[in-house]
Amino acid sequence: MSQRLVLLGPPGSGKGTQGTLLAAALAIPEISTGALLRDQMARGSALGVEARTYIAQGHLVPDAVVNAMVRDRLGADDAVRGFILDGYPRNVPQVGVLDQMLDELGWRLSAALEFSLAENLVVERLTRRAALEGRADDSEDVIRERLAVYHAQTEPIARVYRERGLLKRVDAAGTVEDVTARVCLALGVAV
Ligand code: AP5
């Protein structure tokens, strides 16, 4: 059966890491809005230039920009097999837009996985990544802002999916392998 998944969770909780592993194991695309935006920034496109200001401050990029990007990506041939949305939707209005897109395509979500991780571990992981990769939004003050935006705008999404019976919570502490094992258990898949 096609897996159509949404990954939720604070910055640094491992959405990208687990999304990539799961996508490879299930042979479906991982659609990361953060990665798509960073790609546009690296190319210096008009969209990338617009997104850079928001991302650098830890704020959400305007919905219209992100919604259009996701609509376009879900229309690609490979999404027919299933997909993993990493970092989208990120606020309640985006949930409504995704619902509409899926209705138009005749698809339903399989599950929303919510990764939970204590804030000190978030800061530890992202500070380590800053030292290794130099991602511009991994400075401590921007991490704090991303967390504040997460609590205010993204956390309420979990309730929406819980009420629909789609939410599965995953403890994101421990090693990558530990978390993968919990994801597989939650979804009933093997990787
Ligand atoms: P996005 O790229 O989605 O950033 P994020 O949600 O802040 O998530 P991260 O990529 O920082 O963390 P992650 O949970 O994916 O963890 P990861 O696996 O990388 O978005 C960036 C920005 O784009 C947003 O702030 C916003 O401005 C904009 N944006 C994106 N989507 C948007 C939307 N829908 N609407 C509006 N704006 C949007 O892991 C983090 C680190 O920890 C890595 O170094 C990794 O190697 C390490 N790690 C992972 N797992 C473990 C583990 N188990 N143990 C130890 N280390 C681990």
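Just so you know, ligand 1 is whichever comes first in the structure, and atom 1 is the first atom listed for that ligand. These numbers come from a predicted model, not from an experiment.
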How far is [atom] from its nearest protein heavy atom, and which residue and atom is that?
{"atom": "atom 14 (O) of ligand 1", "answer": "Lys15 NZ, 2.8 Å"}
{"atom": "atom 31 (N) of ligand 1", "answer": "Thr33 OG1, 2.7 Å"}
{"atom": "atom 53 (N) of ligand 1", "answer": "Gly174 O, 2.9 Å"}
{"atom": "atom 5 (P) of ligand 1", "answer": "Arg90 NH2, 3.4 Å"}
{"atom": "atom 46 (O) of ligand 1", "answer": "Thr17 OG1, 4.2 Å"}
{"atom": "atom 12 (O) of ligand 1", "answer": "Gly12 N, 2.9 Å"}
{"atom": "atom 37 (N) of ligand 1", "answer": "Val61 N, 3.0 Å"}

Below 3.5 Å, N or O to N or O, backbone or side chain included: is there any such pair between [X] and ligand 1?
{"X": "Gln94", "result": "yes"}
{"X": "Gly14", "result": "yes"}
{"X": "Gly16", "result": "yes"}
{"X": "Ser32", "result": "no"}
{"X": "Pro11", "result": "no"}
{"X": "Val66", "result": "no"}
{"X": "Gly87", "result": "yes"}

Can you check whether [X] reaches [Y] side chain to side chain, under 4.5 Å on heavy atoms?
{"X": "Val122", "Y": "Leu147", "value": "yes"}
{"X": "Thr175", "Y": "Thr180", "value": "no"}
{"X": "Leu21", "Y": "Val183", "value": "no"}
{"X": "Arg125", "Y": "Asp138", "value": "no"}

How does [X] reach ligand 1, by side chain, by backbone, by both or by neither, if only non-hydrogen atoms under 4.0 Å count?
{"X": "His59", "result": "backbone"}
{"X": "Ile55", "result": "both"}
{"X": "Asp138", "result": "neither"}
{"X": "Leu37", "result": "side chain"}

Any donor and acceptor pair, going by atom type alone, linking the side chain of [X] with main-chain N or O of [Y] inside 3.5 Å?
{"X": "Glu133", "Y": "Arg128", "value": "no"}
{"X": "Asp103", "Y": "Gln100", "value": "no"}
{"X": "Ser13", "Y": "Ser116", "value": "no"}
{"X": "Lys15", "Y": "Gly9", "value": "yes"}
{"X": "Arg182", "Y": "Asp171", "value": "yes"}
{"X": "Arg71", "Y": "Met101", "value": "no"}

(request) From the options Met41, Glu177, Arg146, Glu145, select the one whose nearest heavy atom is closest to atom 25 (O) of ligand 1. (result) Arg146

(message) Please state which option from Arg135, Arg125, Arg129 has its nearest heavy atom closest to atom 47 (C) of ligand 1.
(response)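 Going through Arg135, Arg125, Arg129 one by one, Arg125 has the nearest heavy atom to atom 47 (C) of ligand 1.
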
Just to check, does [X] reach to within less than 4.0 Å of ligand 1 when the distance is taken from its heavy atoms?
{"X": "Gly58", "answer": "no"}
{"X": "Gly9", "answer": "no"}
{"X": "Arg38", "answer": "yes"}

(request) Answer yes or no: is there an ion pair linking Asp137 with Arg52, defined by an N-O contact shorter than 4.0 Å? (result)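 A salt bridge is absent here (no side-chain N lies under 4.0 Å from a carboxylate O).
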
(message) Walk me through whether Gln3 and Ile84 qualify under side chain to side chain contact (heavy atoms under 4.5 Å, CB included).
(response) CA-CA 8 Å; Gln3 291 278 355; Ile84 298 173; over 6 Å; no

(request) Using a strict cut-off of 4.0 Å, indicate which atoms of ligand 1 neighbour a heavy atom of Pro10. (result) 14 (O)

(request) For Leu60, counting its heavy atoms only, list the atoms of ligand 1 lying under 4.0 Å from any of them. (result)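 Those of ligand 1 that fall under 4.0 Å from Leu60 are 36 (C), 37 (N).
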
(request) Check the pair Leu37, Tyr54 against side chain to side chain contact (heavy atoms under 4.5 Å, CB included), reporting the backbone distance first and the verdict last. (result) CA-CA 11 Å; Leu37 290 166; Tyr54 296 95; over 6 Å; no

(message) Give me the atom names and distance for the closest heavy-atom approach of Val92 to Pro156.
(response) CG2-CB, 4.2 Å

(request) With side chain to side chain contact (heavy atoms under 4.5 Å, CB included) as the test, would you mind laying out the steps for Tyr88 and Ile31 before giving the verdict? (result) CA-CA 9 Å; Tyr88 182 93; Ile31 302 174; over 6 Å; no

